[in-house]
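Have a look at the structure below, then the notes.
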Protein chains: 2
Amino acid sequence: MNDVARVAGVSSASVSYALTGAPGVSDELRERIRAIANELGYRPSLVAQGLKTGRARSIGLLLTDITNPFYTEIAAGAVAAAGDLGYEVLISHVGLGQDAGGDDADDAGAARLATVARAHIDRYSSGLLLTSLLARDQPLLAELRRTHVPAVQLYRRVPGEPSDWVGIDDHAAAGEIINHLLTTGRRHIAVLGGQRSSYASAAREAGFVDALSAAGLQPANPDQGRWGDISRRSGLERARELFARGTPIDAVACGNDLIALGVLDACREDGFAVPDDVAVTGLDDMSFASVGPLQLTTVTVPRELIGRRGVQMLFRRIEGDSGPPVEEVLPHQLRPRDTT
Amino acid sequence: MNDVARVAGVSSASVSYALTGAPGVSDELRERIRAIANELGYRPSLVAQGLKTGRARSIGLLLTDITNPFYTEIAAGAVAAAGDLGYEVLISHVGLGQDAGGDDADDAGAARLATVARAHIDRYSSGLLLTSLLARDQPLLAELRRTHVPAVQLYRRVPGEPSDWVGIDDHAAAGEIINHLLTTGRRHIAVLGGQRSSYASAAREAGFVDALSAAGLQPANPDQGRWGDISRRSGLERARELFARGTPIDAVACGNDLIALGVLDACREDGFAVPDDVAVTGLDDMSFASVGPLQLTTVTVPRELIGRRGVQMLFRRIEGDSGPPVEEVLPHQLRPRDTT
DNA sequence: TTGAAAGCGCTAACAT
DNA sequence: ATGTTAGCGCTTTCAA
């Protein structure tokens, strides 16, 4: 910066004014300084800028599992929206947590998430976009609120913590799935949900059960198999158990698409025809739900839009809006395809 | 920091020593300072630290399309390896580029990639992990080399630019696919590759063609349809054209799995049975290649390992190794599944 | 409209 | 073993 100032014969303050677009420098001088900076290949240090201003013009997006296509589509929406606002999105893959076994692993997952969040904050990130939150992450959310770090939860949310959030109506979506299955004549419907401590998974589970109750039915599988990881592997394993049990089943309603893909794997293994012997449904419509000849019946959710709206909500907070927490419910849509 | 120093009754320098683990402070004092810092909830500013030391203890990972599961699996490997080394990986979704139409879009893609890369550098990122590079990105690579920014290319590489790289032997992998198809009796093999300006795509195309030549054959489709985006959409569109043309075809060898999924979509539309009427092969083995009842025949590549090795190579450079560029070829493996 | 100078929070060389 | 201090590269207040 001093080099630029020297070459231009001005003070470093003028260079700063010229380059940041601040007033206090004539248009002519601004142009001249810009040209010189450009020629010298000068680029301001975002670090020094950050230290001085306290802001890094970046927002952090925390993904529990970057390998999950559903969340990466949200990420793409967030990046696009942030770009429009002149901010950079720095994405972190948190890891762990997803395949948490017991309470220890769970604590480790919460700790790791908090560590990554703090690293973003210590880099003067202007705000945080959080995904895949579980009940155990409530302390982190509370910490962020206490320290006035803007944060919005995407898709999943931690209950009982006042915080901005964008997502869909999970309970209603799950209900629509059940009604669809009932309409197509299924009566022995097993339910394979996600993690018990995930609010979204719990809402879906409740949606499944409530819709079944309304028809005078209940899930065809016992309580204990109903919760598990939201992974293809977990779907496969739980479906195997389910089939091994021998209870008559003509449909499996899954808490998300990944689980449903695992169930499809199990059907394939055990020789069940889909949808003739058994119907399978997902919930998410991640783009790989519709691969090959057997496309998954699911509920589609506006992934990109969740990312975009999340960024916009975050911005309101970054700009100082301190109104009450906003919870925005976006529309979803049932997508009947081949598996029902 | 000054607060901590005041409470502890020491200078801020001692606090720095104590917290960074530097020598120059007794174990006892170090412990006391740590305790106080902890109690006060003090966390050092990574920004100030970065400004002072010139390093941010972070590396940047640039993904052209975060939505592509293949690259996110590489990312997971990179994050794990970097964590072991005490570094943070900050991931950026570059966008654009992938669906570049003409030269303009291509230039825009190159510009956007360069912009994102520079943003990481201006944040004092210690090094860059680059994916999905095209020939057009050569100037960026040259700039990084000139400015001594450590960088390693993952999977794809830009030819003619001395730079570290980890990937597989694309030519050989493509050849194995063709030989597998020949072994299963296919003779009318169409080839649907990726982008012409991608080195990996070009190597695969050459591998396909060379292996066909060795058997006295050539691709069943004309030159012009052979190149395209590496997306499911592109696979679908090009397969439609191919089928509409009416040339007899009993196999389609695709440049990657995404394209193959598109071809599967087209088969489904047009009523071709896979693999009875036509065999379809991918190349990548992204985890969604094996979804549902019709699992894709493909070549599996060590995705996580590419990420891990990439980080390790990057570290050698960060630590000052200035030896000649290293190109590391990792093993791949043919995975015959349902579509052949 | 422009310049001088203080200071963001830390580290590291130097002095004690 | 501990403290003092300069300065990383920038922004911004204040003075000219």
Side-chain angles (χ1 to χ4, degrees), chain A residues 1-38 40-58 86 88 118-126 147 149, chain B residues 1-38 40-58 86 88 118-126 147 149:
Chain A
M1 182 161 168
N2 282 322
D3 292 347
V4 176
R6 201 176 315 113
V7 172
V10 298
S11 77
S12 63
S14 297
V15 176
S16 173
Y17 294 146
L19 264 31
T20 57
V25 81
S26 66
D27 286 359
E28 185 203 16
L29 180 56
R30 189 185 301 272
E31 239 354 282
R32 204 159 62 81
I33 290 176
R34 284 227 172 109
I36 290 170
N38 207 41
L40 263 48
Y42 165 77
R43 293 200 312 267
S45 156
L46 297 178
V47 175
Q49 221 166 269
L51 181 60
K52 181 64 199 180
T53 63
R55 300 165 265 117
R57 293 194 78 71
S58 69
E88 198 88 8
R118 292 192 194 106
H120 279 269
I121 296 163
D122 296 342
R123 270 191 194 89
Y124 298 174
S125 189
S126 306
T147 52
V149 175
Chain B
M1 181 160 168
N2 283 322
D3 293 348
V4 176
R6 200 175 317 115
V7 172
V10 298
S11 77
S12 63
S14 296
V15 176
S16 173
Y17 294 147
L19 264 31
T20 58
V25 81
S26 67
D27 286 359
E28 185 202 15
L29 180 56
R30 188 186 301 272
E31 239 354 283
R32 203 159 62 81
I33 289 176
R34 283 228 172 108
I36 290 170
N38 207 42
L40 263 47
Y42 166 77
R43 292 199 314 267
S45 156
L46 296 178
V47 175
Q49 222 166 266
L51 181 61
K52 181 64 198 180
T53 63
R55 302 167 264 115
R57 292 194 79 73
S58 69
E88 196 90 8
R118 292 193 194 108
H120 278 270
I121 297 164
D122 295 342
R123 271 192 194 88
Y124 298 175
S125 187
S126 306
T147 52
V149 175

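Everything quoted here is computed from the prediction, not taken from an experiment. Here is the naming used below: chain letters follow the sequence lines, and residue numbers restart at 1 for every chain.
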* Asked: What does A:S16 touch in the nucleic acid at a heavy-atom separation under 4.0 angstrom: a base, only the sugar-phosphate, or nothing?
  -> base

* To do: Look at all strands and tell whether B:V47 reaches a base, only sugar-phosphate, or nothing, counting heavy atoms closer than 4.0 Å.
  => nothing

Value in whole Å for how far the [atom2] atom of [N] lies from [atom1] of [X]:
{"X": "A:E31", "N": "C:dT1", "atom1": "CD", "atom2": "C1'", "value": "17 Å"}
{"X": "A:Y124", "N": "C:dC8", "atom1": "OH", "atom2": "C1'", "value": "7 Å"}
{"X": "B:L29", "N": "D:dA1", "atom1": "CG", "atom2": "P", "value": "11 Å"}
{"X": "A:R57", "N": "D:dT11", "atom1": "CZ", "atom2": "P", "value": "12 Å"}
{"X": "A:L51", "N": "D:dC8", "atom1": "CG", "atom2": "P", "value": "13 Å"}
{"X": "B:I33", "N": "D:dA1", "atom1": "CD1", "atom2": "P", "value": "13 Å"}
{"X": "A:L46", "N": "D:dC10", "atom1": "CG", "atom2": "P", "value": "10 Å"}
{"X": "B:N2", "N": "C:dG7", "atom1": "CG", "atom2": "P", "value": "13 Å"}

* Option passing side chain to side chain contact (heavy atoms under 4.5 Å, CB included) with B:Y42 (candidates B:I33, B:N2, B:D3, B:V4) -> B:V4

* To do: Looking only at non-hydrogen atoms, find the nearest pair between A:M1 and A:S16 and report the distance.
  =>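 In terms of heavy atoms, the two residues are closest at CE-CB, 3.5 Å.
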
* Let me know, please, whether B:V10 or B:A48 comes out on the 5' side of the other along DNA chain D by nearest nucleotide. =>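 Of the two residues, B:V10 wins.
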
* Does B:S14 use its side chain to pair, donor to acceptor, with the backbone of B:V10 at less than 3.5 Å? -> no

* Asked: Within the side chain of B:R32, is there an N or O that forms a donor-acceptor pair under 3.5 Å with the backbone of B:A8?
  -> yes

* Asked: Judged by modelled atom types alone, do B:S58 and B:Y124 share a side-chain donor-acceptor pair under 3.5 Å?
  ->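 There is no such pair (donor and acceptor under 3.5 Å, judged by atom type) between the side chains of B:S58 and B:Y124.
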
Picking from [options], which would you name as closest to the side chain of [X]?
{"X": "B:A13", "options": "D:dT4, C:dT2, D:dT2", "value": "D:dT4"}
{"X": "A:M1", "options": "D:dT11, D:dT4, C:dG9", "value": "D:dT11"}
{"X": "A:S45", "options": "C:dG9, D:dC10, C:dT11", "value": "D:dC10"}
{"X": "B:S11", "options": "D:dG9, D:dC10, D:dG3", "value": "D:dG3"}

Closer than 4.0 Å, any side-chain N/O of [X] to the OP1 or OP2 of [N]?
{"X": "B:S12", "N": "C:dC10", "value": "no"}
{"X": "B:Y42", "N": "C:dC10", "value": "yes"}
{"X": "A:Q49", "N": "D:dT11", "value": "yes"}
{"X": "A:S14", "N": "C:dG3", "value": "yes"}
{"X": "A:T53", "N": "C:dC8", "value": "no"}

* Mapping B:K52 and A:P23 to their closest nucleotides on DNA chain C, which lands nearer the 5' end? ->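 Counting from the 5' end, the first nearest nucleotide belongs to A:P23.
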
* Worked check of side-chain contact (heavy atoms from CB on, under 4.5 Å) between B:R57 and B:L46 -> CA-CA 9 Å; B:R57 292 194 79 73; B:L46 296 178; over 6 Å; no

* Asked: Does any donor-acceptor pair link the side chain of B:Y17 with the base of D:dG3 at a separation under 3.5 Å?
  -> yes

